[in-house]
2 protein chains.
Amino acid sequence: MRARRSVGLGIVMAVSVSVAAPAVAQPAAPHNLMPVPSRVVFEGGSLPIDARFAVAVEGTRDPVLVRGVERTLLRIARLTGLPIVRTGGTVALTIRSAKPAGSAPSVSDDESYTLKVTSAGATLTAQTSYGALRGMETFIQLIEQAPSGWAARGATIQDAPRFPWRGLLIDACRHWIPPDVIKRNLDAMAAVKLNVLHWHLSEDQGFRVESRVYPLLHEKGSDGLYYTQDQVRDIVRYAADRGIRVVPEFDMPGHTGSWLVGYPWLSSGKGPFEIGRTWGVYDPVLDPTNEKVYAFVDRLIGEMAALFPDAYFHIGGDEVNGKQWDASPAVVAYRTQRGMKTNEDLQAAFNTRVSGMLKKRGKIMVGWDEILHKDLPKDTVVHSWRGQKSLADAASQGYRGILSNGYYLDYIWPAAQHYAIDPMGKDAAGLPADAQKRILGGEACMWAEWVTPETIDSRIWPRTAAIAERYWSPATVTDPADMYRRLGAISRQLDATGVVHRSGYGAMLDRLANGGPTDALRGIVDLVEPVKNYNRGRRQKFTSQTALIRIVDTARAESDESRAFGQLVDRYLANRADRDARDAIVAALTRWQVLARDVQPVLDAPLLQEAAPLAESVAAVSGFGLRAVESLEKKWRLALTADETVALNKAIAPVADVLLMVAPHVRKLIDAAGK
Amino acid sequence: MRARRSVGLGIVMAVSVSVAAPAVAQPAAPHNLMPVPSRVVFEGGSLPIDARFAVAVEGTRDPVLVRGVERTLLRIARLTGLPIVRTGGTVALTIRSAKPAGSAPSVSDDESYTLKVTSAGATLTAQTSYGALRGMETFIQLIEQAPSGWAARGATIQDAPRFPWRGLLIDACRHWIPPDVIKRNLDAMAAVKLNVLHWHLSEDQGFRVESRVYPLLHEKGSDGLYYTQDQVRDIVRYAADRGIRVVPEFDMPGHTGSWLVGYPWLSSGKGPFEIGRTWGVYDPVLDPTNEKVYAFVDRLIGEMAALFPDAYFHIGGDEVNGKQWDASPAVVAYRTQRGMKTNEDLQAAFNTRVSGMLKKRGKIMVGWDEILHKDLPKDTVVHSWRGQKSLADAASQGYRGILSNGYYLDYIWPAAQHYAIDPMGKDAAGLPADAQKRILGGEACMWAEWVTPETIDSRIWPRTAAIAERYWSPATVTDPADMYRRLGAISRQLDATGVVHRSGYGAMLDRLANGGPTDALRGIVDLVEPVKNYNRGRRQKFTSQTALIRIVDTARAESDESRAFGQLVDRYLANRADRDARDAIVAALTRWQVLARDVQPVLDAPLLQEAAPLAESVAAVSGFGLRAVESLEKKWRLALTADETVALNKAIAPVADVLLMVAPHVRKLIDAAGK
């Protein structure tokens with residue numbers, strides 16, 4: 001599931017970002033906790049943290065817990081700069097967990113915890129080691145700068161997740177995402193209490209796991225860019241250590257182009273086949289009439305089921321366009337003989353057999369919502385990418401489900417837009433309680449057509465922290481302004497997990513400037529965002545082997561500065577006596593004028609050839625904005641000339657696949673001044 | 001050797017940064033190679049680099065070479081953003097190495113190579129795999145942006161190092177430096193062709209290696225912050241893979257305070273002892289009269305000699321202040337009985353025995369220049385920290401030597417100051433050729449009193465790249481302006497090795513601002529440098545457990561912007577008709593005025609309490625500078641008031657342990673305007 005906008009998406013995109021009432025569960029004093037805990041009370045006082053900070057584990061010394069404590073100390077050391085000792089410190093945090101972690105995390109783990117921090121010390125208690133891991137992340141988030149050093153804020157917290165399935169899908173196929181990148185993202189996931197890595201491992205563009213039973217899969221289908229089985233085991237262990245399940249996805253019977261490079265006979269069409277290098281839905285598909293195909297899939301599932309210990313196994317099942325099947329007399333005859341009316345019936349029969357292969361290995365099948373069919377076993381989990389309605393339908397039919405519609409990170413939506421979407425949406429609201437319980441949670445999806453190891457972190461973070469809050473925190477926690485305030489703090493904290501969503505920005509700007517100065521360039525790129533949804537793909541043809549190093553790749557998914565400017569504009573237009581807002585608007589516009597001028601010398605760098613119109617637009621909107629403010633102050637009526645209107649519209653339209661996010665806000669000023 | 005300024009240092013510090021004549025070996029066209037190769041000719045043309053770039057290894061497939069190729073592909077992928085394939089690419093670079101790497105690199109390895117790049121392909125030939133590794137780094141540095149993508153510049157290069165010992169000392173004792181930080185620095189070292197990691201592993205402040213024969217060394221002497229033997233072996237292998245030798249240092253008989261925490265009887269003074277937490281020369285020292293001490297050292301050396309395969313073993317031997325020996329009747333009696341006149345004689349006797357312990361294990365002793373004594377075997381290597389003269393003396397006496405005087409990174413000197421110092425300095429120039437050959441090279445020293453895992457990279461890089469060039473390139477390569485131009489490029493390239501000297505800056509600024517905006521703060525911190533030499537330690541007492549997260553820790557070792565401003569001022573004062581220089585000066589001064597104003601809101605952050613005078617100084621010098629330019633233009637005579645002179649002097653003096661580097665340049669303007 002991916003690639004094209006489809007019917008369901010339109011509905012979600014129409015959901016507006018509503019400013020909800022403040023959540024009842026939120027404390028009065030502002031804090032930086034994300035996700036917000038179920039219950040938190042701040043009672044004053046704080047626990048000093050210095051280099052001698054130490055943690056005691058009482059009861060069983062579960063290795064998962066002990067390693068979690070080690071990581072916590074390291075994270076605190078990174079956040080604070082304190083050279084925290086490993087032996088001989090003074091215990092300031094005591095952890096008790098009733099039960100050790102099992103051999104691997106499961107969807108039914110108790111992740112609740114209680115955390116109490118006072119000036120005398122902190123106590124964390126949990127039912128399981130996984131709960132204790134979640135509590136340690138909260139403890140880290142309580143650490144703040146104090147005048148005399150560092151301290152954890154005094155608090156009493158009782159916390160448990162709203163949904164048991166809180167995932168992030170990482171597509172390692174459209175672009176290769178190496179093991180170290182997966183690992184640092186697992187650390188960041190754990191920091192915001194996500195507990196499922198949905199690892200999208202096979203696609204038209206690549207088969208990314210070493211297969212010993214069918215080695216041509218990775219040898220011919222990956223350009224040599226695949227995970228060895230040792231690397232897979234290492235990552236699965238790494239995730240388990242952080243209380244994160246790894247659900248592998250081997251998408252079938254469509255999206256299997258990379259399988260066919262080495263094994264063309266699996267296809268119902270004619271080969272030879274090549275690794276996909278461009279985006280979209282491909283025609284090649286497995287042949288559902290060939291018993292040898294089932295034998296192949298069975299053996300492959302056997303191998304992969306052993307490699308991934310989780311009880312759930314994702315078979316994809318999306319976007320079979322049916323062209324190859326319709327074109328094959330053998331398939332058409334097979335379909336007719338068995339009385340199947342549609343390709344959907346044919347695929348359902350295929351899925352049912354695959355489901356059996358999984359069942360005999362103790363696995364539960366998960367698939368995209370196309371797989372929903374009455375013949376499927378009721379323990380199947382339906383993963384909805386097409387809409388909340390299909391999730392509710394599945395739940396009402398007795399299937400469990402998870403939601404990804406509305407959580408596509410590659411749409412480059414603002415965090416607030418994802419944040420406003422609830423897995424238990426309107427469609428599910430009318431369901432009986434037992435059906436509602438079948439909605440297990442959701443998954444943010446990082447499809448990888450437009451990300452590389454260098455850029456993926458900045459597409460996942462910090463926005464995924466807001467989605468993680470949606471999955472963990474009470475449904476009443478919905479205030480986007482408070483979310484953004486905390487998101488800024490969490491974004492900075494995530495640096496210490498190793499993700500490079502912030503630290504990688506400078507190097508990308510350096511490369512854009514090709515040795516030139518980056519100050520003004522940074523200022524300009526701070527104002528833009530990549531185009532939304534799939535508009536980038538539509539505008540220009542790239543292949544999977546193109547370097548993604550343009551302005552659009554460098555730009556952050558959300559321009560904080562533009563959002564802040566928009567708020568200033570709204571404030572000022574609501575109250576023209578607001579001098580602070582007015583002055584801040586003028587300062588910003590003036591600064592952008594300077595940027596547009598100062599950036600000129602680097603625009604002859606190869607990668608900035610496309611940026612000249614952008615710099616022109618920055619200059620134009622800055623000038624228009626200043627005139628608008630002057631007009632509003634002096635109660636003149638502003639009217640742009642025809643040429644100026646063209647320039648404004650140009651500034652609002654995409655250029656070089658980015659949007660100048662401040663332009664629409666400037667238009668608001670102009671519109672107000674034109675009245 | 002470290003901690004206090006001593007006699008020899010004064011001499012070196014007086015060496016001025018002279019602008020040498022352009023090097024004869026340098027090509028006409030500017031390039032970004034660092035270190036500059038012995039011979040390089042650019043013949044036009046370039047070799048396109050795309051995602052299908054592949055490397056062929058001809059002849060023996062030495063694992064060191066194969067892994068080097070893999071790393072090269074990864075680095076190119078990171079630098080260019082290209083998703084480079086691992087199989088199925090098109091060979092663009094062919095590598096031939098006559099001899100595989102040995103089991104470990106040695107000081108006599110042939111590191112020469114020849115590299116030819118044309119538009120049709122590239123060929124790299126070397127006598128050994130280590131030479132091929134050096135050549136691959138040069139190949140990476142030839143890659144540039146072209147209008148249509150990436151390309152390696154066409155060139156013919158013949159290259160070999162000037163000195164065989166090109167080192168970086170990392171002190172892992174004053175602050176703990178974890179394995180991952182060592183590793184990323186090894187990658188950066190390899191990128192600039194350094195070939196020795198001098199690993200300073202024991203000190204008053206910490207014994208940093210697991211000892212199985214004397215476990216209380218690390219158990220009591222490290223706060224639990226030590227390398228396990230597995231980690232040591234892993235790092236030694238990692239270094240060897242990059243053609244880098246690892247020379248361990250176990251400093252004795254002084255600097256052994258951490259040994260005494262677990263084994264107080266080793267001391268000639270009275271215990272109990274504690275881990276050192278502050279800086280300077282400590283009194284505790286091993287007891288040279290106790291045979292059990294020699295047995296202990298012998299067994300410890302036996303264990304450590306087996307752990308570190310290199311032929312050289314550093315025993316420190318510096319800074320024995322003799323207080324404990326003089327205070328011990330037993331030591332005084334021992335000295336007298338053996339007819340020794342001084343503690344130096346006593347230490348020489350100790351060293352001679354240690355040298356024997358090393359010799360029987362096939363190791364050659366290295367020590368700081370205090371060890372120089374006629375009784376030492378002639379294969380001993382003298383490591384000079386006190387001056388070039390002692391190095392020349394040692395060489396004339398038949399000892400080999402390496403220079404670190406002048407290469408102390410913790411002095412926070414500008415790169416050009418280190419760059420101007422040659423291991424074959426004036427003192428060595430008069431030596432006969434065979435004595436000159438005994439000067440093996442040099443080592444940059446990263447003493448760790450004022451660095452942490454977070455900041456160490458920014459103290460080592462990029463300045464160490466200039467020092468590496470001093471050790472590798474022809475002696476005639478001395479132009480600091482060209483060095484700085486290339487240093488900027490290399491600094492950006494080093495990002496791809498994993499060192500965080502650039503990428504870590506933002507997170508440190510974020511922490512300083514404590515959630516506030518960092519744009520103006522960044523602008524201010526860009527203008528400052530830490531105080532030089534050991535002025536920081538003198539001004540304020542810190543312990544090894546203090547977080548190093550202040551402005552002084554965040555500031556870069558060299559302010560590029562200040563240096564550029566100084567050049568503008570010099571240009572303008574040399575020629576007042578230079579409007580470009582004048583305009584750039586005014587633009588800079590105006591910008592700083594704005595920064596000084598805009599930074600105000602974040603100055604109430606806990607870590608910025610000390611920054612208020614700095615912001616005032618920025619405002620003051622900006623204003624003075626603008627008045628000076630106006631006076632110069634209008635031929636007015638500028639005279640600062642008494643208060644203004646105080647403010648200017650205050651701006652030039654250290655504040656919060658940093659120097660506002662632009663202030664002296666502004667004073668030049670004021671002085672010129674006052675004439």
Side-chain angles (χ1 to χ4, degrees), chain A residues 32 50-52 74 77-83 85-89 144-150 175-176 178 219 222-225 452-455 488-489 492 495-496 500 502-508 510-511 514-515 519 523 543-549 553 587 591 598 605-607 609, chain B residues 32 50-52 74 77-83 85-89 144-150 175-176 178 219 222-226 452-455 488-489 492 495-496 500 502-508 510-511 514-515 519 523 543-549 553 587 598 605-607 609:
Chain A
N32 289 332
D50 64 20
R52 309 203 69 77
L74 191 60
R78 284 189 188 153
L79 282 169
T80 61
L82 288 165
V85 297
R86 226 179 261 153
T87 57
E144 296 174 350
Q145 285 182 31
S148 57
W150 295 93
H175 280 94
W176 164 239
E219 288 174 10
S222 77
D223 299 313
L225 301 168
T452 64
E454 182 177 33
T455 62
R492 291 185 290 276
D495 254 343
V500 302
R502 296 173 68 84
S503 62
Y505 190 38
M508 294 196 75
D510 279 338
R511 187 165 47 207
N514 197 27
D519 279 354
T543 80
S544 58
Q545 300 197 320
T546 311
L548 299 182
I549 54 176
D553 302 299
R591 186 167 156 265
D598 289 353
L607 291 167
Q609 297 289 317
Chain B
N32 288 334
D50 64 20
R52 308 203 71 76
L74 191 59
R78 284 190 188 154
L79 282 169
T80 61
L82 287 164
V85 297
R86 225 179 262 154
T87 57
E144 297 173 350
Q145 285 182 32
S148 55
W150 294 93
H175 279 94
W176 164 239
E219 287 175 11
S222 78
D223 300 313
L225 301 168
Y226 61 89
T452 64
E454 182 176 34
T455 62
R492 291 186 289 275
D495 255 342
V500 301
R502 296 173 67 85
S503 62
Y505 190 37
M508 294 195 74
D510 280 337
R511 187 165 47 207
N514 196 25
D519 279 354
T543 80
S544 58
Q545 300 197 320
T546 311
L548 298 182
I549 54 176
D553 303 299
D598 290 352
L607 291 167
Q609 297 289 318

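Reminder, nothing fancy here: chain letters follow the sequence lines and each chain counts from 1.
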To the nearest 0.5 Å, atom OG1 of Thr452(B) lies from atom CG of Asp553(B) at 7.0 Å

Region of Leu79(B) in contact with chain A, defined by heavy-atom distances below 4.5 Å: backbone

Contact winner vs chain A - Ser503(B), Ser148(B), Pro83(B), heavy-atom pairs under 4.5 Å: Pro83(B)

Contact winner vs chain B - His175(A), Arg78(A), Gln609(A), Arg511(A), heavy-atom pairs under 4.5 Å: Arg511(A)

Give the member of Glu144(A), Arg52(A), Met508(A) that has the highest number of heavy-atom pairs under 4.5 Å with chain B. Arg52(A)

Taking salt bridge (Lys or Arg N to Asp or Glu O under 4.0 Å) as the definition, give me every residue that meets it alongside Glu219(A), ordered by chain and number, with sequence neighbours left out. none

Cut-off 4.5 Å, heavy atoms of chain B, and the answer for Ala77(A) is neither

Measuring heavy-atom distances to chain A, does Ala146(B) have an atom under 4.5 Å in its side chain, in its backbone, in both, or in neither? backbone

Indicate yes or no for a side-chain donor-acceptor contact from Trp150(A) to the backbone of Thr80(A) under 3.5 Å, with no hydrogens or angles considered. yes

Checking Ala489(B) against chain A: side chain, backbone, both or neither under 4.5 Å from a heavy atom? neither

Of the listed residues (Asp510(A), Asp495(A), Val500(A), Thr455(A)), which shares the most heavy-atom pairs with chain B below a 4.5 Å separation? Asp510(A)

For the interface with chain A, which of Asn32(B), Leu607(B), Asp598(B), Leu548(B) has the highest count of heavy-atom pairs at distances below 4.5 Å? Leu607(B)

Would you check if Asp519(B) and Arg591(A) make a side-chain contact, meaning some heavy-atom pair closer than 4.5 Å? yes

Contact check, side chains of Ile549(A) and Glu454(A), non-hydrogen atoms, under 4.5 Å: yes

With a 4.5 angstrom heavy-atom cut-off, could you sort out which part of Ser544(B) is near chain A: side chain, backbone, both or neither? backbone

Close side-chain approach of Asp223(A) to Arg86(B), heavy-atom, < 4.5 Å: no

Can you list the residues that meet the salt bridge (Lys or Arg N to Asp or Glu O under 4.0 Å) rule with Asp50(B), with sequence neighbours excluded? none

